[in-house]
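The structure under discussion appears below in the form of structure tokens.
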Amino acid sequence: MIRQLMLAVATLVAAMSMAFAQVDVNKADAAALDSVKGIGPSTSKLILEERTKGGEFKDWADFSKRVKGVGDKRAVKLSQAGLQVAGKPFDGAGAAPATAGKAAPAAKPATAAKPAPAPAKM
């Protein structure tokens, strides 16, 4: 009984360490890329073809530009799942700010509080 429990715990620990393993897109083979949650066989094939054709990916922006279907949202998820580009996780530096091109609304000037009306005399 204790042996089975220890085996179950060891298996769980091994599975967790595999789930959080870092995979560098420039060094990984198809099997390693497939192990990253969010990357399937077609995406890993696309990544490997692009890496062969254009060389190693310089950074996340280069990766997103060259691999169809990988934008900022997906890059965040892949990075959280353990994918790295050139040894670095996605930091959002390639992300365009949500307010790009929009002016921030001007702050409203503070208004003075109106004095309360005087109580009526009887």
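Below, each value reflects all heavy atoms present in this structure, side chains not excepted, and no hydrogens, waters or symmetry copies.
- Here the closest non-hydrogen pair linking Ser44 and Leu33 is CB-CB, 3.7 Å.
- Among residue pairs with one or both ends in residues 22-49, none qualify as ring-ring contact (aromatic ring centres under 6.0 Å, His included); sequence neighbours excluded.
- When all heavy atoms of Lys37 and Ala81 are compared, the closest pair comes out as O-CB, 3.6 Å.
- Remark: side-chain polar atoms of Trp60 are paired, donor with acceptor, to backbone N or O of Lys88 under 3.5 angstrom.
- Using a distance-only test at 3.5 Å, with no hydrogens or angles considered, a donor-acceptor pair links the side chain of Arg74 to the main chain of Gly38.
- Note that OG of Ser79 is 11.5 Å distant from CG of Asp72, once rounded to the nearest 0.5 Å.
- At least one side-chain heavy atom of Ile39 sits under 4.5 Å from a side-chain heavy atom of Ile47.
- A search for side chain to side chain contact (heavy atoms under 4.5 Å, CB included) contacts involving Asn26 returns Asp24, Arg51, Glu56, Phe57, Ala86, not counting sequence neighbours.
- Taking each heavy atom of Ala32 and Ala28 in turn, the nearest pair found is CB-CB, 3.8 Å.
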Inset, instruction - Decide side chain to side chain contact (heavy atoms under 4.5 Å, CB included) for Leu46 and Lys68; before the verdict, give the C-alpha distance in whole Å, the side-chain angles of both, and the deciding distance to 0.1 Å. - result: CA-CA 8 Å; Leu46 184 62; Lys68 184 179 177 182; 4.2 Å; yes
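- Scored by the salt bridge (charged side-chain N to carboxylate O under 4.0 Å, His left out) test, Lys53 finds Glu50 as partners (sequence neighbours excluded).
- Separating the NZ atom in Lys58 from the CZ atom in Phe63 is a distance of 14.5 Å, to the nearest 0.5 Å.
- Tested against Leu78, the residues Leu83, Val85, Val23 include a single side-chain contact (heavy atoms from CB on, under 4.5 Å) partner, Leu83.
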